[in-house]
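Keep in mind that what you see is a predicted model, and the values were worked out from it rather than measured. When a residue number appears, it is its place in the shown sequence, counting from 1. Excluded from the calculations below are hydrogen atoms, water molecules and symmetry mates; all remaining heavy atoms, backbone and side chain alike, are included.
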Amino acid sequence: MSENPPRRQRPTPKKHSWLRPSPARAGEADTPPAPAPPGPTNGAGSIVHAAVYRDGHRISTPTSLADTYRQLREQPDGMAWIGLHRPTESELVSLAEEFDLHQLAVEDALEAHQRPKLERYGDTLFVVLRAARYLDASEEVDFGELHIFVGHDFVITVRHGAAPDLSAVRRRMESTPELLALGPEAVLYAILDAVVDGYAPVVWGVQNDIDEIETEVFGGDPEVSRRIYELAREMVEFQRATRPLVGMLHGLMAGFTKYGTDDELQRYLRDVADHVTHTSERVDGFRSALADILAVNATLVTQQQNAEMRALAEAGFEQNEEIKKISSWAAILFAPTLVGTIYGMNFDNMPELHWAGGYPFAIVLMAVVCTSLYVIFKKRDWL
């Protein structure tokens, strides 16, 4: 092993004071911290997979970061591919010290919640991707976040979330050693391709959801407004994941000549850029379609409400007409009742009580009053 010197001199490990220290708990202010173990973190809690490759073939499968560093130093033409899932701060510090990663990129990878972007820090390329997958059971889009460090002899992936499945990417690359032999840039292409290909099932699922929503809108489903709003929010997230990728890939393609990218790899990356552009256009179309559907739904809801209000108004009008009729007949019947009540009070000293024409007079009076009231109500269309 001593006859094969390492390909390049690793930087001297340095302390990263830029990482914010954890606040001390009560009672620990005067207690000196326990000495840290020498070397990088050896725990494999967040290490999904690590491997060292040479000429497109796997030559070792380290079980820890320290073992990966050692085996990479022993290989003059090797490449390390380290996959992590929600790594700890100590693991990222170890990687930063070994591969001289920039502090800002490490902070982004530690905190996550970043927008897709591409940054160059010296010889290291830092890429942030937003992967997506469609959940059939809940008919929702689940987003994951992936951070990638690409150097001269290493690729480090830091995954936050369930998507994407990088094990399939690794199997694909190992099955095509001639592509893997192109180095870290080929791995970056494969990851980009996997993320972009993962958008296709999401596009199909969303298209199916939109078709269902259109049916529900014209079917009068009262819950469709909520579903439109939730899907529109998902499309905003989807747009944030796909739209920056177009500029990122064009930025990569602009550096083909400067960084000597292999011709075959250039064609692969252009193909990925075409797929991203197509997906981004579909997502933009989905947002426009959802906005139109929401407007149509609002119009239909307004029409339905107007129809209900009109029906209520008609019912109220009919009820008023009935009340008018009832009130008119009640007033007509009240007149003879009033006359009859007055003349039925059996008082001795009551005018016209012993008059011979009293009865005919009372009958005529009742008839005149009822007829007058009937004519009046009839002219006012109450009867």
Side-chain angles (χ1 to χ4, degrees), residues 113-116 128-146 159-166 168-169 192-249 271-319:
H113 303 294
Q114 304 295 319
R115 298 194 67 177
V128 179
L129 302 175
R130 293 292 304 278
R133 59 174 182 162
Y134 187 80
L135 305 178
D136 292 320
S138 57
E139 294 185 336
E140 295 177 349
V141 182
D142 178 51
F143 294 93
E145 191 168 333
L146 180 64
R159 184 162 53 91
H160 297 269
D165 182 13
L166 295 182
V169 179
L192 285 168
D193 189 48
V195 170
V196 173
D197 286 347
Y199 293 151
V202 179
V203 170
W204 298 333
V206 171
Q207 182 64 66
N208 183 63
D209 287 345
I210 291 177
D211 292 341
E212 292 178 355
I213 285 174
E214 289 177 344
T215 303
E216 293 172 358
V217 164
F218 292 101
D221 189 343
E223 298 294 329
V224 69
S225 297
R226 180 183 182 89
R227 188 176 182 187
I228 295 173
Y229 174 73
E230 292 176 348
L231 188 57
R233 288 187 59 186
E234 291 178 350
M235 288 306 95
V236 171
E237 291 295 321
F238 201 8
Q239 194 174 53
R240 290 174 180 172
T242 56
R243 180 173 289 180
L245 277 179
V246 178
M248 290 168 55
L249 285 166
D271 180 67
V272 175
D274 291 340
H275 291 171
V276 168
T277 302
H278 176 70
T279 302
S280 181
E281 291 173 351
R282 291 291 301 276
V283 175
D284 292 342
F286 288 156
R287 288 200 63 185
S288 299
L290 287 171
D292 294 340
I293 292 173
L294 190 60
V296 171
N297 182 64
T299 302
L300 293 177
V301 170
T302 302
Q303 291 177 351
Q304 183 179 1
Q305 291 175 345
N306 291 338
E308 292 175 354
M309 294 295 295
R310 184 165 53 252
L312 288 175
E314 292 175 355
F317 177 77
E318 293 177 358
Q319 186 177 12

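Counting heavy atoms from C-beta outward, T279 and F238 have side chains that approach closer than 4.5 Å. Taking the side chain as every heavy atom from C-beta outward, Q303 and L300 approach each other to under 4.5 Å. Counting heavy atoms from C-beta on, the side chains of V296 and F218 come closer than 4.5 Å. By the 4.5 Å heavy-atom criterion applied to side chains, E314 and R310 are counted as neighbours. With contacts defined as side-chain heavy-atom distances shorter than 4.5 Å, the pair S280/L245 does not qualify. When side chains are defined from C-beta on, D209 counts as touching Y134, because their heavy atoms get closer than 4.5 Å. A heavy-atom distance below 4.5 Å is found between the side chains of I210 and E214. Taking 4.5 Å as the limit, every side-chain heavy atom of L249 sits out of range of all side-chain heavy atoms of T277.
Classification of E230 and R233 as a salt-bridged pair fails, no side-chain N sitting under 4.0 Å from a carboxylate O. Using a 4.0 Å cut-off between charged nitrogen and carboxylate oxygen, D165 and R133 do not count as a salt-bridge pair.
Scanning both residues, E234 and F143, for their nearest heavy atoms gives O-CZ, 3.7 Å. Pairing each heavy atom of P244 with each of P116, the nearest pair is CB-O, 3.7 Å. A pairwise comparison of heavy atoms in D193 and V272 identifies OD1-CG2, 3.6 Å as the closest pair.
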Considering only distance and modelled atom types, tabulate donor-acceptor pairs under 3.5 Å from the side chains of residues 194-208, sequence neighbours left out.
from, atom 1, to, atom 2, distance (Å)
Y199, OH, R130, O, 2.4
Q207, OE1, R282, NH2, 3.4
Q207, NE2, D211, OD1, 3.2
N208, ND2, E212, OE2, 3.2

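Under the 3.5 Å distance criterion, the side-chain polar atoms of N297 are left unmatched by any main-chain donor or acceptor of I293. Under the 3.5 Å distance criterion, the side-chain polar atoms of E145 are matched with a main-chain donor or acceptor of Q114.
Rounding to the nearest 0.5 Å places CG of L290 at 10.5 Å from CZ of R227. With rounding to the nearest 0.5 angstrom, the CD atom of E140 is 6.5 Å from the CG atom of L135. Rounding to the nearest 0.5 angstrom, the gap separating the CG atom in L129 from the CZ atom in R159 is 13.0 Å.
With sequence neighbours excluded, the residues that form a ring-ring contact (aromatic ring centres under 6.0 Å, His included) with H160 are H147.
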Next item on the list: Could you walk me through whether D284 and R243 pass the side-chain contact (heavy atoms from CB on, under 4.5 Å) test, one step at a time?
Entry: CA-CA 9 Å; D284 292 342; R243 180 173 289 180; 3.0 Å; yes
Next item on the list: Output, in order, the C-alpha distance, side-chain angles, deciding distance and verdict of side-chain contact (heavy atoms from CB on, under 4.5 Å) for E237 and V141.
Entry: CA-CA 9 Å; E237 291 295 321; V141 182; over 6 Å; no
